Every structure is written in C-alpha cells, then in structure tokens.
Amino acid sequence: MMRDRDDPGQWHGAHIVDEQELSFSSDGQAKKRARRRQNIVFSVMALLVIAVLVGAVLVFNGTIKLGAEPAAVESPEPSEAEIENPNCPAIDFKYQTPAEVEIRVLNTTSISGLAGDTAKALEKRGFKISSLTSGWKSLSDTAGAVIAGPDGYAQAFTVQRQIPGIVFIYDETKWGSRVDLALGEKFEGLVKERKLDTSDGKLVCAK
C-alpha cells in the first residue's frame with residue numbers, strides 16, 4: 001500500500017506533470033504565437049503606411065508625376081524598305097558603338113600583314129574582328145572599301161569614319177550587320193582617334 005507520506009506528484013523522486021500543468025503550458029505557447037503574428041501584421045501595416053506617405057510627398061513635390069507622357073523612343077536605323085537607293089542611301093546614319101560592330105578584314109594586296117596589323121588597330125578601338133582573309137583584288141589599287149548588306153549601313157558608316165579614302169559598296173546578298181573591310185595599296189592607316197568624327201552623316205559610296 002502507498003504510504004500516506006508519499007507525494008502523489010512524485011515518482012521515485014521525479015515530478016509528475018499533471019493535466020492542469022500541461023494545459024497551462026500549451027496556453028502560454030499559443031499566446032506567444034498569437035502575439036508574434038500580431039507583431040508581424042502591425043509591422044507590415046506600418047511599412048505600408050510609411051510607403052504611402054512617402055509616395056504622397058514625392059507626388060506633392062513633383063518628383064513623381066502621375067500621368068506623365070512617356071519618354072520619346074529613339075527611332076531605329078532606316079531599313080532597306082525605307083531607303084530609296086540601297087546602293088548609296090542619301091540619308092544620315094548614326095555612329096555606332098565600336099563594340100557593336102563586327103568586321104571581317106580582307107587584304108586585297110600582296111602586302112604581308114596588312115590585314116592583321118589593321119585588325120589589331122581596330123580591336124584597340126573596341127571593334128570586333130571576326131576573321132582575316134584576302135579577296136576583292138579589284139580594289140587593290142585603291143585605299144579600300146567597306147562592304148555591307150541591308151542591315152549593315154550604320155556599321156559600314158562607322159567603319160568608314162575610321163579610314164580616310166575608303167568607299168562604301170552595297171552587297172544585297174550579304175546577311176546580317178557584319179561588314180567586310182577590304183584594304184588596298186593606298187591604305188595609309190586609321191584616322192587618329194582625337195580627329196574622329198562621330199556625328200551623324202552619310203556614307204561615301206563607290207562611283
């Protein structure tokens with residue numbers, strides 16, 4: 001029989017948690033979770049109120065204009081369909097960023113290293129060189145030419161600004177914006193960078 005002096009809440013010296021204590025602990029945890037959720041909700045609402053107030057101030061002082069007209073979008077380069085004379089367009093083209101211009105360099109002469117040396121000089125200015133080759137022997141007694149297709153007018157114009165005396169030749173079969181730079185015997189090097197004209201202008205075409 002259990003002795004009268006034995007504590008019913010003890011078992012071999014260990015405290016026994018009864019139903020009432022378990023219920024109290026569970027209620028305490030639930031209250032903590034509820035308070036945590038309330039704090040999160042109040043924080044989010046406070047941030048929203050601050051954002052609305054900041055937006056209202058920006059609109060009031062003119063930093064943000066509601067219903068403002070969209071910024072003007074720069075017109076793209078004219079396409080072949082818009083050009084009356086594709087062989088020699090009578091319109092101005094924009095000077096392109098060299099990194100966006102890809103060039104294949106051709107040596108039309110027997111001068112060794114002409115294409116390679118010119119390619120290195122163009123690379124220093126940021127142009128992309130796709131390959132070196134030979135061809136267009138008919139241009140060997142000239143300064144050279146830049147050859148492009150319907151999508152390469154602005155790129156050809158940009159390359160032409162680098163080299164005095166070269167002309168533009170249109171090749172309707174040439175696909176993409178990559179251009180060919182054919183170098184002749186009268187080629188004397190690139191225009192000095194400090195003298196480069198990067199304003200809009202027209203292509204100088206072969207006669």
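A quick note: this is a predicted structure, and the numbers were derived from the prediction, not measured.
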Exam field: side chain E102 to backbone V179, donor-acceptor pair closer than 3.5 Å:
no
Does any non-hydrogen side-chain atom of I83 lie less than 4.5 Å from one of P89?
yes
Does L132 belong to the same Ile/Leu/Val/Met/Phe/Trp/Tyr cluster as I163, with side-chain heavy atoms less than 4.5 Å apart forming each link?
yes
Straight-line distance of R161 CZ to L203 CG, nearest 0.5 Å
9.5 Å
Checking side chain to side chain contact (heavy atoms under 4.5 Å, CB included) for the pair I147/W136: CA distance, chi angles, key distance, verdict?
CA-CA 10 Å; I147 303 102; W136 285 84; 3.9 Å; yes
Would you say F93 and L181 are hydrophobically clustered, going by side-chain heavy atoms of ILVMFWY under 4.5 Å?
yes
G149 versus Y170, closest heavy-atom pair with distance:
C-CE1, 3.8 Å
Quick check: closest heavy atoms across S199 and D197, and the distance to 0.1 Å?
OG-OD1, 2.6 Å
Decide yes or no for T108 and E185: does some side-chain heavy atom of the first lie under 4.5 Å from some side-chain heavy atom of the second?
no
Residues that F168 engages under ring-ring contact (aromatic ring centres under 6.0 Å, His included), provided they are two or more places apart
Y153
List the steps, then state whether side chain to side chain contact (heavy atoms under 4.5 Å, CB included) holds for L122 with I103.
CA-CA 9 Å; L122 289 168; I103 309 170; 4.0 Å; yes
Should I169 and L139 count as side-chain neighbours, where that means a heavy-atom distance under 4.5 Å?
yes
Decide side chain to side chain contact (heavy atoms under 4.5 Å, CB included) for Q162 and V191; before the verdict, give the C-alpha distance in whole Å, the side-chain angles of both, and the deciding distance to 0.1 Å.
CA-CA 5 Å; Q162 311 296 317; V191 175; 5.9 Å; no
Nearest 0.5 Å, please: how far is CG in D200 from NZ in K94?
4.5 Å
Side-chain touch T118/K120, heavy atoms, less than 4.5 angstrom
no
For Q96, does its backbone N or O pair with a side-chain atom of E100 as donor and acceptor, under 3.5 Å?
no
What's the shortest heavy-atom distance between A148 and A156, and which atoms?
CB-CB, 3.9 Å
Answer yes or no: does atom NZ of K186 have more than 12 heavy-atom neighbours from other residues, nucleotides or ligands under 6.0 Å?
no
Nearest 0.5 Å please: distance from the CZ atom of R104 over to the CZ atom of R178.
5.0 Å
For atom NZ of K137, is the number of surrounding heavy atoms from other residues, nucleotides or ligands below 6.0 Å larger than 12?
yes
Looking only at heavy atoms, the pair that brings P164 and G189 closest together is CD-O, 3.5 Å
Write down the atom of A119, the atom of I129, and the distance for their closest heavy-atom approach.
O-CG1, 3.7 Å
Sub-4.5 Å side-chain heavy-atom contact between V146 and D180:
no
Would D92 and F157 count as a side chain to side chain contact (heavy atoms under 4.5 Å, CB included) here? Give the steps.
CA-CA 9 Å; D92 289 346; F157 167 75; over 6 Å; no
Could you tell me if the side chain of T109 sits less than 4.5 Å from the side chain of F187, heavy atoms only?
no
Evaluate the side-chain proximity of I111 to L183: yes if any heavy-atom separation is below 4.5 Å, no if none is.
no
One should read off an interatomic distance between K124 NZ and L190 CG, to the nearest 0.5 angstrom, of 10.5 Å
Can you tell me how far the CG atom of L196 sits from the OH atom of Y95, to the nearest 0.5 Å?
5.0 Å
For the CD atom of E84 and the CD1 atom of I91, what is their distance to the nearest 0.5 Å?
9.5 Å
Does T97 reach the main-chain N or O of A99 with its side chain, forming a donor-acceptor pair under 3.5 Å?
no
